[in-house]
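Remarks on the structure that follows.
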Number of protein chains: 2
Amino acid sequence: MNEKMNEHELFRKFLKSEGLRFTPERTIILEEAFSIHEHFEAEDLLFSIRQHGHRVSKATVYRTLALLVQCGLLREVIFGERHSHYEHVFGHKHHDHLICLKCGKIIEFSDETIERLQKSVCGQYRFEPVRHRLEIMGTCEDCARHRTQSKT
Amino acid sequence: MNEKMNEHELFRKFLKSEGLRFTPERTIILEEAFSIHEHFEAEDLLFSIRQHGHRVSKATVYRTLALLVQCGLLREVIFGERHSHYEHVFGHKHHDHLICLKCGKIIEFSDETIERLQKSVCGQYRFEPVRHRLEIMGTCEDCARHRTQSKT
DNA sequence: TTTTTTGCAAATGGTTTGCATCCTT
DNA sequence: AAGGATGCAAACCATTTGCAAAAAA
């Protein structure tokens, strides 16, 4: 059974095409990044790396995250905060986010309509879309019920 | 001819309702913020204030911007950078943005479809929407033509 | 007179960078 | 070998904050 290309191969291919090297640190970071299945921040990733007994500097984590975004394995999501959040692109279909203003919960959803919308709007402006980001902020079901929740 | 409420009155009303004071510094900041008709950053605003011969500290600019957002006169827009951009809400209808990845140009557009989309998606998740943000990143008409443009 | 505001300068905190050393290729 | 990569600590930089002085209510 011939497996489809995995994130290691993709990353390796990308690095080679850019004349960059595949180092143990980059491998560790890649693996840890793909073992986290929610949104994460650089700091979370570093923590997780250390938890698993690995040792990589913060600088290298930042440098490698940038590469992973650049090659399309991760995507940067900014939820109105000053620091970046990341999520997997590889192996996931495109989705957008509902963000609860009360508790900070993030719900992912996919909808075809937005793809069509993108096409029609861009047509009007002769704009060539590459990607989009839609965030809907509001109150989630739980917080609407217990009116007194505060941010985690 | 009875003018509709302007931004001064709105701000004043908001301040009063919060037990806050209407100071000359806040007036200056409000006026300057509303005399800039594009997206601006805190630094731009401060610059513009000084250009017009006024003197307000950076700290006060930041503190007042937060109030203007809080009362709904301004909205914070983050274009994937580490610092905030602001735009008028008062006197403008809701719109979203096309962002050119090549030259950084920002085109505003409005579309009804997204309002309907918001309603339908939120219904599914019993999520109560308050506001949304849609950004479509891609290549603008100009940059698609001259293939060699670089960021401003 | 009481409470907010302001300005200043120092602190914050996520991210980036310079540089000497280390390690892939 | 030779040039990219790493780790460290220092630098960045937008934003925030503590505090004493100034000013609204």
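By convention in this document, chain letters (A, B, ...) are assigned in the order of the sequence lines, proteins followed by strands, and residues within each chain are numbered from 1.
To the nearest angstrom, C1' of dT5(C) lies 12 Å from CG of L15(B). Distance NZ (K16(A)) to P (dT24(C)): 16 Å, rounded to an integer number of Å. Rounding to whole angstrom units, CG of residue L20(B) and P of dT6(C) are separated by 10 Å. Summarising the geometry, the separation between NE2 on H83(A) and C1' on dT16(D) is reported as 16 Å, rounded to the nearest angstrom. Rounded to an integer number of Å, the gap from E18(B) CD to dA24(D) C1' is 17 Å. Distance CG (L46(A)) to P (dT6(D)): 14 Å, rounded to an integer number of Å. Per the geometry, CZ belonging to R21(B) stands 5 Å off C1' belonging to dA24(D), to the nearest Å. When the C1' atom of dG7(C) is taken as reference, atom CD1 of I49(B) falls 14 Å away, rounded to whole Å.
S110(A) contributes a side-chain N or O that, together with a main-chain N or O of H94(A), makes up a donor-acceptor pair within less than 3.5 Å. The backbone N or O of A33(B) lies less than 3.5 Å from a partner atom in the side chain of H88(B), making a donor-acceptor pair.
Each of L98(B), D96(B), L117(B), D111(B) was checked for a side-chain contact (heavy atoms from CB on, under 4.5 Å) with L134(B), and the lone residue meeting it is D96(B). Of the candidates F90(B), F14(B), Y86(B), F90(B) is the only one forming a side-chain contact (heavy atoms from CB on, under 4.5 Å) with L73(B).
More than 12 non-hydrogen atoms from other residues, nucleotides or ligands lie less than 6.0 angstrom from CZ of R75(A). Around the CZ atom of R50(B), the shell of radius 6.0 Å holds more than 12 heavy atoms that belong to other residues, nucleotides or ligands.
Inspection of the H83(B) and E43(B) side chains reveals no N or O donor paired with an N or O acceptor under 3.5 Å. Looking at H97(B) and E87(B), their side chains do bring a donor and an acceptor atom within 3.5 Å of each other.
The stretch residues 22-33 of chain A touches DNA chain D through T23(A), E25(A), R26(A), each having a heavy atom under 4.0 angstrom from the strand. Residues of residues 60-67 of chain B having a heavy atom closer than 4.0 Å to DNA chain C, listed by number: T60(B), R63(B).
For S84(B) and dT15(D), the shortest distance from a side-chain N or O to OP1 or OP2 is below 4.0 Å.
Residues L67(B) and L20(B) have side chains in contact (heavy-atom distance under 4.5 Å, counting atoms from C-beta outward).
Mapping K58(A) and A42(B) onto DNA chain D by nearest heavy atom places K58(A) closer to the 5' end of the strand.
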